[in-house]
Amino acid sequence: MALVTSDKMFKMAYKNGYAIGAFNVNNMEIVQGITEACKEEKAPVILQVSKGARAYANHTYLVKLVEAAVIECPEIPIVLHLDHGPDFETCKSCIDGGFTSVMIDGSAHSFKENIELTKKVVEYAHDHGVVVEGELGTLAGIEDEVSHAVGSYTRPEEVEEFVQKTGVDSLAIAIGTSHGAYKFKPEQCTRNEKGILVPPALRFDILKEVSNRLPGFPIVLHGSSSVPQEYVQMVNEFGGKMPNAIGVPEEQLREAAKLSVCKINIDSDLRLAMTGTIRKFFAEHPDKFDPREYLKPARANIKELVRHKLKDVLGCAGKADECKD
């Protein structure tokens, strides 16, 4: 099976109340861990690459890694997506270079300028058989080269005009998620009966109003890593310093997936799994130096984390066949 677009995936996800996992990839081990989990769980997947990942690993290497995953995992539909494309030129380069989906992030511009930029990307992408994700509202936090000190919620009254005028295929909205591993400050949270910090609820009222205004239209959530505390603890126990790293509760993401959210972006969780595992490995094996020895358990933990997300959070395990074009 060749790389596919997300059209069929989103149609089935919307219809059947689940979301497709969109996992950021930077190297071979991350690609392998994700796709091996998807293969075993029979789940469709979106492998996404940021501008920063392209600068780090090189566009060609990343495309070839994903193409290798397609060969090794022919049973599952795979989308190659540009995450947070900052401008037309970056989107065009990815469209011309083998991507099947791109995001143009015009959220830092005015509403009018965002429409103009997104429409330009959509026209070029559709002429080349590629789908486009746009964004309204901004997420706070830092991830790769995307940085906003303060976020702003999506204005539901703008979504119909934006989708109509741009022709975009899916829409990322802001309902309280944020980039990075520090999504909420401790003072924003409450403590449950076990003393665990509980983040504030996402703005499901905004999501529901957007859904009512755009019936049947696929919605995307960025900044949706849950920041697994077992890996935060592992990082801190073995030499790291990540106090108060708090993510989005998984039960809220599952609820969003039952509504109109068809794509949920997950990035920090994978990085934490890899970094925590490697820190632990070196602490327990200070004499080791072969990358294969410490990357192997890191890849295995990424695989298990993705497997959990597919089954228990996204709800897309076992959905590969119905998502095939």
Compare every heavy atom of Met103 with every heavy atom of Asp83, then report the nearest pair and how far apart it is. OD1-SD, 4.1 Å

Under the side chain to side chain donor-acceptor pair (under 3.5 Å) rule, collect the residues that match up with Lys296, sequence neighbours excluded. none

Distance, nearest 0.5 Å, that separates OG of Ser110 from CD1 of Ile115: 8.5 Å

By side chain to side chain donor-acceptor pair (under 3.5 Å), Lys92 pairs with (sequence neighbours left out) Asp96

Ser226 (side chain) donor-acceptor with Val248 (main chain) under 3.5 angstrom: yes

Residues which pass side chain to side chain contact (heavy atoms under 4.5 Å, CB included) with Arg307, listed by chain and number, not counting sequence neighbours: Ala37, Glu40, Glu41, Lys303, Glu304, Lys311

Atom of Glu135, atom of Asn114 and distance for their closest heavy-atom approach: O-ND2, 2.9 Å

Taken to the nearest 0.5 Å, the spacing of Leu310 CG from Lys319 NZ works out to 12.5 Å

Sequence neighbours excluded, which residues qualify as side chain to side chain contact (heavy atoms under 4.5 Å, CB included) partners of Thr5? Asp7, Thr100, Val131

Minimal heavy-atom distance between Cys73 and Thr35, with the atoms involved, is SG-O, 3.8 Å

Crowded around Glu160 CD? As in, over 12 foreign heavy atoms under 6.0 Å? yes

List in chain and number order the residues that pass side chain to side chain donor-acceptor pair (under 3.5 Å) with Arg203, two or more places apart in sequence or in another chain; answer none if no residue qualifies. Asp205

Using side-chain contact (heavy atoms from CB on, under 4.5 Å), reason through Arg155 and Leu136 one step at a time and then give a plain yes or no. CA-CA 8 Å; Arg155 296 166 57 89; Leu136 279 176; over 6 Å; no

For the residue pair Val49 and Ala53, what are the closest heavy atoms and their distance? CG1-CB, 3.8 Å

Counting neighbours of CZ on Phe111 that are heavy atoms of other residues, nucleotides or ligands and sit closer than 6.0 Å, is the number greater than 12? yes

List for me each residue that meets ring-ring contact (aromatic ring centres under 6.0 Å, His included) alongside His126, sequence neighbours excluded, and say none if there are none. none

Keeping the roles fixed (side chain from Asp269, backbone from Val227), state whether a donor-acceptor pair exists under 3.5 Å. yes

Would you please say whether a donor-acceptor pair under 3.5 Å links the side chains of His84 and Asp105? yes

Distance-only polar pair, side chains of Thr166 and Thr118, donor-acceptor under 3.5 Å: no

Checking Gln48 against Lys263 for the side-chain contact (heavy atoms from CB on, under 4.5 Å) test, could you report, in this order, the C-alpha distance in whole Å, the side-chain angles of both residues, the deciding distance, and whether it holds? CA-CA 12 Å; Gln48 56 185 32; Lys263 173 175 177 271; 3.2 Å; yes

Considering non-hydrogen atoms only, spot the tightest contact between Leu305 and Pro228 and give its length. CD1-CG, 4.1 Å

Can you tell me which residue among Ile34, Asn24, Asn301 is in a side chain to side chain contact (heavy atoms under 4.5 Å, CB included) with Leu270? Ile34

With sequence neighbours left out, what residues match Ala257 under side chain to side chain contact (heavy atoms under 4.5 Å, CB included)? Ala19, Arg254, Ile264

With sequence neighbours left out, what residues match Phe162 under ring-ring contact (aromatic ring centres under 6.0 Å, His included)? none

Taking everything shown except Lys8 itself, do over 12 heavy atoms lie less than 6.0 Å from its NZ? yes

Listed by chain and number, what are the ring-ring contact (aromatic ring centres under 6.0 Å, His included) partners of Phe204, not counting sequence neighbours? none

Please check if the side chain of Lys165 supplies one atom and the backbone of Lys112 the other of a donor-acceptor pair under 3.5 Å. no

Please confirm whether the backbone N or O of Ala174 pairs with a side-chain atom of Thr154, one donor and one acceptor, at under 3.5 Å? yes

So, taking the atom named CD1 in Ile78 and the one named SG in Cys323, what distance separates them when rounded to the nearest 0.5 Å? 12.5 Å

For Phe99, what residues pass the ring-ring contact (aromatic ring centres under 6.0 Å, His included) criterion, not counting sequence neighbours? His59

Check the pair Lys309 / Glu250 against side-chain contact (heavy atoms from CB on, under 4.5 Å), numbers first and verdict last. CA-CA 9 Å; Lys309 297 288 186 182; Glu250 290 185 336; 2.9 Å; yes

What I want to check is whether the side chains of Ser93 and Arg54 have a donor and an acceptor closer together than 3.5 Å. yes

Kindly write out the residues that satisfy side chain to side chain contact (heavy atoms under 4.5 Å, CB included) with Lys119, not counting sequence neighbours, or none if the list is empty. Glu123

Does Glu116 CD have over 12 foreign heavy atoms under 6.0 Å away? yes

Contacts satisfying ring pair (Phe, Tyr, Trp, His ring centres under 6.0 Å) that involve residues 255-292 (not counting sequence neighbours) are Phe281-His285, Phe282-Tyr294

Hey, quick one: are Tyr14 and Val261 part of the same hydrophobic cluster, counting side-chain heavy atoms closer than 4.5 Å, chains of contacts allowed? no

Closest non-hydrogen atom pair, Tyr18 against Cys316: CD1-CB, 3.7 Å

Please say yes or no: joined through hydrophobic side-chain contacts below 4.5 Å, possibly via intermediate residues, are Leu171 and Val220 part of one cluster? no

Does the side-chain contact (heavy atoms from CB on, under 4.5 Å) test come out yes or no for Met274 and Asn27, once each step is laid out? CA-CA 11 Å; Met274 173 163 274; Asn27 62 22; 4.1 Å; yes

Could you grab the distance from atom CG of Leu214 to atom CD1 of Ile219, nearest 0.5 Å is fine? 5.5 Å

For Asn265 and His222, run side chain to side chain donor-acceptor pair (under 3.5 Å): C-alpha distance rounded to whole Å, both residues' side-chain angles, the deciding distance at 0.1 Å, then the answer. CA-CA 5 Å; Asn265 288 19; His222 286 247; 3.1 Å; yes

So CZ of Arg299 and CD1 of Ile30: to nearest 0.5 Å the spacing works out to 12.0 Å

